[in-house]
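Written below as structure tokens is the structure these notes are about.
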Number of protein chains: 4
Amino acid sequence: MNSSNSGMESEQGTEDTSRMTARDRSRVETHRRLIDAGRELFVANGLARTTAAEIARKAGVATGTFYIHFKDKEALLEEAWEEVFQRIGGQMLWIANPVARLSRESVLENARTNAEVLLSSVEARADAFSFWFGPEVAASSAGEKIVFRWAEGIETRLRVEIAQGAVLNGVDPTVAAQAIVGMFVRTLLWWVRDKNRASREAVITTLTMYQVSVYSF
Amino acid sequence: MNSSNSGMESEQGTEDTSRMTARDRSRVETHRRLIDAGRELFVANGLARTTAAEIARKAGVATGTFYIHFKDKEALLEEAWEEVFQRIGGQMLWIANPVARLSRESVLENARTNAEVLLSSVEARADAFSFWFGPEVAASSAGEKIVFRWAEGIETRLRVEIAQGAVLNGVDPTVAAQAIVGMFVRTLLWWVRDKNRASREAVITTLTMYQVSVYSF
Amino acid sequence: MNSSNSGMESEQGTEDTSRMTARDRSRVETHRRLIDAGRELFVANGLARTTAAEIARKAGVATGTFYIHFKDKEALLEEAWEEVFQRIGGQMLWIANPVARLSRESVLENARTNAEVLLSSVEARADAFSFWFGPEVAASSAGEKIVFRWAEGIETRLRVEIAQGAVLNGVDPTVAAQAIVGMFVRTLLWWVRDKNRASREAVITTLTMYQVSVYSF
Amino acid sequence: MNSSNSGMESEQGTEDTSRMTARDRSRVETHRRLIDAGRELFVANGLARTTAAEIARKAGVATGTFYIHFKDKEALLEEAWEEVFQRIGGQMLWIANPVARLSRESVLENARTNAEVLLSSVEARADAFSFWFGPEVAASSAGEKIVFRWAEGIETRLRVEIAQGAVLNGVDPTVAAQAIVGMFVRTLLWWVRDKNRASREAVITTLTMYQVSVYSF
DNA sequence: GATGAATGAGATTTCATTCAT
DNA sequence: AATGAATGAAATCTCATTCAT
């Protein structure tokens, strides 16, 4: 029914349907379709302008079916985010790949790579990024989790680095993680809305410098 | 009718009513009451949960009167923000007080003072800050302006500092301004929701260090 | 709920409900009730003084149900007219029964019969005629169609008659159809409002004479 | 304030203001301005889409002033029509110029001239004709009068002609007047909306033939 | 007479959610 | 589990009309 993919990830079913009964398969299949339809409509039209009935229609099921699978729109949003996070979490490189031995060079390179990869992801899926990290989702309870997860990753890394003595005294990892996430989200959201506001290079360099600024090298 | 002040500023009429006719005074007075009522309800209950009729009721006028004064809720929001900004703009010290001669010390002191003042303001009016810099307003057209103004101030200052050779090469003032604003807003919003998440000192120090990190001293 | 019939036709369901599911029957039934309620309220109180909520109430359903079945009042009006036209279209005899061989007598008789039948219909359902051919409907988009259909029938007949050489030279069938419809509608609307303005006979004779006046016999 | 004239007549004040006090002149002047403003807005935007406040604004007076001069919109409409009729009444020639001695030729010529003049008037002021003889006004109480006046003129003439034995037996002057007016209004309204529907000549000839059809020559 | 801010009833329209089938 | 018609509570916005100045 829908083959266009306007989420932040490649299309893929994550459920193993081989051991299910026909009914279960149908249930799982319907669930899938609803999430996919919802994610696409959210990204395309925003949260408020997408109705449960519309999602159901796009998924090819009846309105009532929506409420069998999800308590409300918010519940679908959260599930949809889970899936998105499975795939893009790894692209927040700085989170995912802490380097064993730190040096001025490794930190700088890592930070730059991180900024570059993020920028590319965001460019590739501007609509999806704008939606998932935009104010509409931020106002929802799913939004909490979204930024929380990201910050959590950064914090974990910072703690490791602090333990290694790589970070300036006084930097609180919990606070710094929020600061970094806020910086990234705000800057990318701003840039992606109009890329003429700054060159790619300016964004990458500036974000890199702020990232590395708390290191003691 | 309402004397509680849940906006971000002290109550004050800014209009000179001395040269007005009684009718003008009445119109201005009604306008005031609507803005005050709206701001208080927004801050207390959020944008979406506040209706035009409710604002009118709180202001002691008929529903229709609301629409004589404002095209819609959004219009009132923008006007209310203008007023708020008049008063709190100056509290974003880093914006307002560029120092003539820069040094490691002056920059550090300035950044710390900035963080401290902001934190205090935010603590004093947690609800108001959460509202005005929160996602609900960010999603509205007024939200655009709100953050834009702040960033603008920071950018202007950075340009001066760059011209003085005080900033590291590669830092783009436009991008950096967004980064700083994002960092502040996110961190304060996060902290103010639950102050046990980090100590006052941790927040101030961390925000200070990120602010000064791009200076070449 | 309502058994009084103030439309221009006898009550009749035109849908074959035998092959429908219970749900379909329910939907169709609701649709019917809304159209019937709407038509009756329109005819009784006029278009402007009838609200969607009132129609729904009379039909025994919730206000929102109205909007599931019709985009707006206008849409119901059009559907209601379609039904009315199915039944009264045939009563505009002059339209429906072109005579094969024309003569002074056949034309005259036909025109008189036409006037008589119309007059009787209008007398029998004065409210309905006043509504459907009155200015309020004329101002709506449904009104366009209503008169257009009638004129169309007259025009078709005139073309046949012109081809047979039965009509005076210079008479344009398209224009004449408008003229005839205008004449009928205006005269009947005027007469039905106060039948003392002219005798039945005077109306019939005068309308007959104008109808036949363009024939070349 | 307004020099554009979108009514059906040339601009002219009909009041003699020379013997009035300043206050009276002002009152009369305001009245004028309101009528002119109203007529222009009605013709341009229709009755329903024109508000009392809008008329007052265009007339350069306050909203409340409107209600000092007119009970409501309808009252202004009627007064405006009075003025319009003073000027265009004479253009309905058939009404105005009964010929003393009737003949086949005089009747025909008169009818054709009548149709031609009407057509030209309507062409020249399509908006105004569409408004004044359109369904919106017809639905108002002013509309009654408008068509009534016209019919009245036709009826008077027909009575004279009947007395002269110039009209076929059976034609009722009251009914015929309605028929003729309905025919004219409908046809012209239809034609003026899209002049490509029929040639000027077709309209004139057809209307002429229907007019003369009841004469006994 | 003129002013114009204020009134407030009311109509339209949307949509999350339910529930009988 | 799926259906989809029905619900009905909001919320928005308009405008004829009033009335204190």
Side-chain angles (χ1 to χ4, degrees), chain A residues 21-31 48-57 60-74, chain B residues 21-31 48-54 56-57 59-73, chain C residues 21-31 48-54 56-57 59-73, chain D residues 22-24 26-31 48-57 60-74:
Chain A
T21 64
R23 175 163 231 173
D24 283 344
R25 246 195 307 283
S26 152
R27 191 191 64 229
V28 170
E29 170 68 13
T30 299
H31 204 81
R49 292 177 54 199
T50 302
T51 68
E54 201 184 347
I55 294 170
R57 194 179 333 121
V61 297
T63 305
T65 306
F66 181 96
Y67 289 92
I68 292 167
H69 289 265
F70 305 97
K71 189 183 149 293
D72 52 24
K73 253 199 308 192
E74 192 81 353
Chain B
T21 64
R23 186 173 284 145
D24 281 343
R25 254 193 302 283
S26 154
R27 191 191 61 231
V28 169
E29 170 70 12
T30 301
H31 204 80
R49 293 177 54 199
T50 302
T51 69
E54 201 185 346
R57 196 180 333 118
V61 296
T63 304
T65 306
F66 180 95
Y67 291 94
I68 290 170
H69 289 266
F70 305 98
K71 194 185 145 290
D72 52 24
K73 255 195 318 192
Chain C
T21 65
R23 185 173 285 146
D24 282 343
R25 253 193 302 283
S26 153
R27 192 191 61 231
V28 169
E29 171 71 13
T30 300
H31 204 81
R49 294 178 53 199
T50 302
T51 69
E54 201 183 348
R57 195 179 335 118
V61 297
T63 304
T65 306
F66 181 95
Y67 291 93
I68 291 170
H69 290 266
F70 305 97
K71 193 186 145 291
D72 52 25
K73 255 196 319 191
Chain D
R23 176 163 229 174
D24 281 344
S26 153
R27 192 191 62 227
V28 169
E29 169 67 12
T30 300
H31 204 82
R49 292 178 53 199
T50 302
T51 68
E54 202 185 346
I55 294 170
R57 196 182 330 123
V61 297
T63 305
T65 305
F66 180 95
Y67 288 93
I68 291 168
H69 289 266
F70 305 97
K71 190 183 147 294
D72 51 25
K73 252 197 312 192
E74 191 81 352

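Protein chains get the first letters and strands the later ones, always in sequence-line order, with residue 1 at the start of each. Quantities reported herein were computed from a predicted structural model and do not represent experimental measurements.
Protein atom NZ of Lys73(B) is 13 Å distant from nucleotide atom C1' of dC13(F), rounded to whole Å. Rounded to an integer number of Å, the gap from CD of Glu54(A) to P of dT17(E) is 16 Å. The distance between atom CZ of Arg49(B) and atom C1' of dT12(F), rounded to the nearest whole Å, is 19 Å. Atom pair Phe70(A):CZ and dA1(F):P shows a separation of 13 Å (rounding to whole Å applied). Computed from coordinates, the Glu29(B) CD to dA6(E) C1' distance equals 14 Å when rounded to whole Å. Separating the CD atom of Glu74(D) from the P atom of dT17(F) is a distance of 11 Å, rounded to the nearest angstrom. In this structure, Arg57(C) places its CZ atom 16 Å from C1' of dT7(F), rounding to the nearest Å. dT7(E) atom P lies 14 Å from atom CZ of Phe66(B), rounded to whole Å.
Mapping Ala62(C) and Ile68(B) onto DNA chain F via the closest heavy atom, the residue that lands nearer the 5' end is Ala62(C). Nearest-nucleotide positions on DNA chain E for Val61(D) and Ala53(C) put Val61(D) closer to the 5' end.
At dT14(F), none of the side-chain N or O atoms of Tyr67(B) fall inside 4.0 Å of OP1 or OP2 (strictly under the cut-off). At dA5(E), none of the side-chain N or O atoms of Thr65(B) fall inside 4.0 Å of OP1 or OP2 (strictly under the cut-off). Put simply, Thr63(C) has no side-chain N or O that comes within less than 4.0 Å of OP1 or OP2 on dG8(F). For Thr30(D), no side-chain nitrogen or oxygen approaches OP1 or OP2 of dG1(E) to under 4.0 Å. Arg27(A) has no side-chain polar atom (N or O) that falls below the 4.0 Å cut-off from OP1 or OP2 of dA1(F). Not one side-chain nitrogen or oxygen of His69(C) sits closer than 4.0 Å to the OP1 or OP2 atom of dA5(F).
As judged by a 4.0 angstrom heavy-atom cut-off over every strand, Thr51(B) is placed among residues touching the sugar-phosphate backbone only. Among the heavy atoms of the strands, none lies under 4.0 Å from His31(C).
Qualifying side chain to side chain contact (heavy atoms under 4.5 Å, CB included) partners for Thr51(A), counting only residues two or more places apart in sequence or in other chains: Ala53(A), Glu54(A). In this view, Ala62(C) and Thr65(C) satisfy the side chain to side chain contact (heavy atoms under 4.5 Å, CB included) rule, not counting sequence neighbours.
Each of dA6(E), dA5(F), dT3(E) was ranked by its minimum atom distance to the side chain of Ser26(B); first place goes to dA6(E). Between dG8(E), dA16(F), dA16(E), one nucleotide has an atom nearer to the side chain of Ala52(D) than all others, and that is dA16(F).
Of all the heavy atoms in His69(D) and Arg27(D), the pair that sits closest is CE1-O, 3.3 Å. In terms of heavy-atom proximity, Lys73(C) sits nearest to Thr50(C) at NZ-O, 2.8 Å.
In this structure, CD1 on Ile55(A) lies 10.5 Å from OG1 on Thr63(A), to the nearest 0.5 angstrom.
DNA chain F forms stems at E:2-21 with F:2-21, each a run of 3 or more consecutive Watson-Crick or G-U wobble pairs whose two key distances fall under 3.5 Å.
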